[in-house]
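Worksheet: one structure, shown below.
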Amino acid sequence: MTVSAADLSTVAEQLGRTPRGVLDVAYRTPDGAPAVVKTAPRLEDGTPFPTLYYLTDPRLTAEASRLEVAHVMSWMTSRLGEDAALAADYRAAHEHYLATRNALEDLGTDFSGGGMPDRVKCLHVLIAYALAEGPGRLRLGTEAVAMAADHGNLRGTAIPADWPTAEGLGINLDDFDFSRA
């Protein structure tokens with residue numbers, strides 16, 4: 001993928017500010033909009049910027065926020081303590097994230113993003129990572145994207161129609177309180 005002046009203009013509109021450190025569009029929605037950008041580990045002014053994948057599409061950022069308000073992060077974090085295979089998948093995703101970012105520039109830190117590898121702190125990061133890398137790289141990210149697709153009715157517009165479903169992943173959206181979201 002590549003980033004063009006038109007992409008940067010769209011991302012600026014999405015964010016409401018000039019994007020910083022954009023190297024590439026890591027994910028485009030089925031309707032063609034840039035939605036996740038891959039960013040440089042260090043901004044032009046030298047400031048470290050450890051967020052490798054940054055979610056920009058307002059439909060996705062709004063739904064990630066709704067999922068956070070519905071306590072999806074605490075549900076996911078509690079599962080990390082109960083499911084050794086899930087915790088191992090999360091740690092592997094963390095290590096892959098670091099390796100990918102460090103291949104661009106090593107910041108000398110083991111901080112990745114989203115709370116990895118011990119807790120879930122930010123669904124925006126996990127959704128961006130999962131969309132950029134595809135389903136299967138990061139189980140919790142795959143789940144978060146599925147939940148966003150189904151709860152936010154984003155399947156086929158902001159999220160691929162063939163992305164795994166929440167139901168297919170064993171997630172019942174009725175278990176979450178979206179009344180404040």
Side-chain angles (χ1 to χ4, degrees), residues 1-41 43-44 47 49-77 93 97 100-101 112-116 120-167 169 171 173-174 176-181:
M1 297 185 160
T2 60
V3 63
S4 68
D7 290 331
L8 292 174
S9 177
T10 299
V11 170
E13 284 182 37
Q14 291 172 334
L15 297 175
R17 62 172 173 77
T18 301
R20 300 175 300 161
V22 175
L23 299 174
D24 204 355
V25 174
Y27 169 75
R28 290 181 188 279
T29 63
D31 56 13
V36 175
V37 293
K38 186 175 191 177
T39 60
L43 300 177
E44 294 83 1
T47 303
F49 192 76
T51 304
L52 179 64
Y53 299 118
Y54 197 91
L55 193 63
T56 63
D57 185 291
R59 300 167 293 182
L60 294 167
T61 59
E63 194 55 36
S65 295
R66 286 185 197 98
L67 294 173
E68 289 179 353
V69 170
H71 303 288
V72 170
M73 292 180 306
S74 60
W75 171 71
M76 288 179 166
T77 298
Y97 190 101
T100 302
R101 187 185 71 214
S112 54
M116 292 185 283
V120 178
K121 182 181 168 189
C122 179
L123 293 180
H124 296 76
V125 169
L126 297 188
I127 288 172
Y129 184 12
L131 288 170
E133 298 267 342
R137 167 64 67 196
L138 167 64
R139 185 170 144 197
L140 291 177
T142 300
E143 291 178 4
V145 173
M147 295 173 79
D150 297 340
H151 180 263
N153 297 312
L154 299 175
R155 192 172 298 280
T157 56
I159 297 169
D162 62 351
W163 194 273
T165 65
E167 181 180 7
L169 295 171
I171 300 167
L173 290 174
D174 292 335
F176 300 91
D177 180 6
F178 288 97
S179 64
R180 292 186 180 97

Legend entry - Under 3.5 Å: donor-acceptor pair, side chain of W163, backbone of T142: yes
Inset, instruction - Classify the ring geometry between Y97 and Y129 as parallel (under 30°), tilted (30 to 60°) or perpendicular (over 60°). - result: perpendicular
Inset, instruction - Check whether any side-chain heavy atom of F178 lies under 4.5 Å from a side-chain heavy atom of L67, and answer yes or no. - result: yes
Legend entry - T10 versus D7, side-chain donor and acceptor atoms under 3.5 Å: no
Legend entry - Heavy-atom check, side chain of M147 versus side chain of L123, under 4.5 Å: no
Inset, instruction - Flag the pair T56 / P19 as yes when at least one side-chain heavy-atom distance between them is below 4.5 Å, and no otherwise. - result: no
Inset, instruction - Please name the pair of heavy atoms, one in P34 and one in Q14, separated by the smallest distance, quoted to 0.1 Å. - result: O-NE2, 2.7 Å
Inset, instruction - Please name the pair of heavy atoms, one in A146 and one in L169, separated by the smallest distance, quoted to 0.1 Å. - result: CB-CD1, 3.7 Å
Inset, instruction - State, to 0.1 Å, how close D57 and A33 come at their nearest heavy-atom pair, and which atoms those are. - result: OD2-CB, 4.3 Å
Legend entry - Within 6.0 Å of CZ in R17, more than 12 heavy atoms from elsewhere: yes
Legend entry - Test applied, side chain to side chain contact (heavy atoms under 4.5 Å, CB included); reference residue, Y54; option that passes from V22, L15, V36, T61: L15
Legend entry - Spacing of H71 atom NE2 and M76 atom CE [to the nearest 0.5 Å]: 14.0 Å
Inset, instruction - Just do the side chain to side chain contact (heavy atoms under 4.5 Å, CB included) check on V145 and L60 with the steps written out, would you? - result: CA-CA 9 Å; V145 173; L60 294 167; over 6 Å; no
Legend entry - E167 side chain reached by D150 side chain, heavy atoms, under 4.5 Å: no
Inset, instruction - Quick one: closest heavy-atom pair of L138 and A93, and the distance? - result: CD1-CB, 3.5 Å
Legend entry - Sub-4.5 Å side-chain heavy-atom contact between V3 and L8: yes
Legend entry - Taking every non-hydrogen atom, the tightest pair across I171 and F176: CG2-CE1, 4.1 Å
Inset, instruction - State, yes or no, whether a side-chain contact exists between E68 and C122 at a heavy-atom distance under 4.5 Å. - result: yes
Legend entry - Any donor-acceptor N/O pair, R101 side chain to P41 backbone, under 3.5 Å: no
Legend entry - Minimal non-hydrogen separation, V120 against T77, with atom names: N-OG1, 2.9 Å
Inset, instruction - Kindly indicate, with the supporting measurements, whether the criterion side chain to side chain contact (heavy atoms under 4.5 Å, CB included) is fulfilled by Y53 and L131. - result: CA-CA 9 Å; Y53 299 118; L131 288 170; over 6 Å; no
Inset, instruction - Kindly determine whether R59 and T29 satisfy side chain to side chain contact (heavy atoms under 4.5 Å, CB included), including the steps that lead there. - result: CA-CA 10 Å; R59 300 167 293 182; T29 63; 3.6 Å; yes
Inset, instruction - Before accepting this row, confirm whether a basic side-chain N of the pair E143/R139 lies closer than 4.0 Å to the acidic partner's carboxylate O. - result: yes
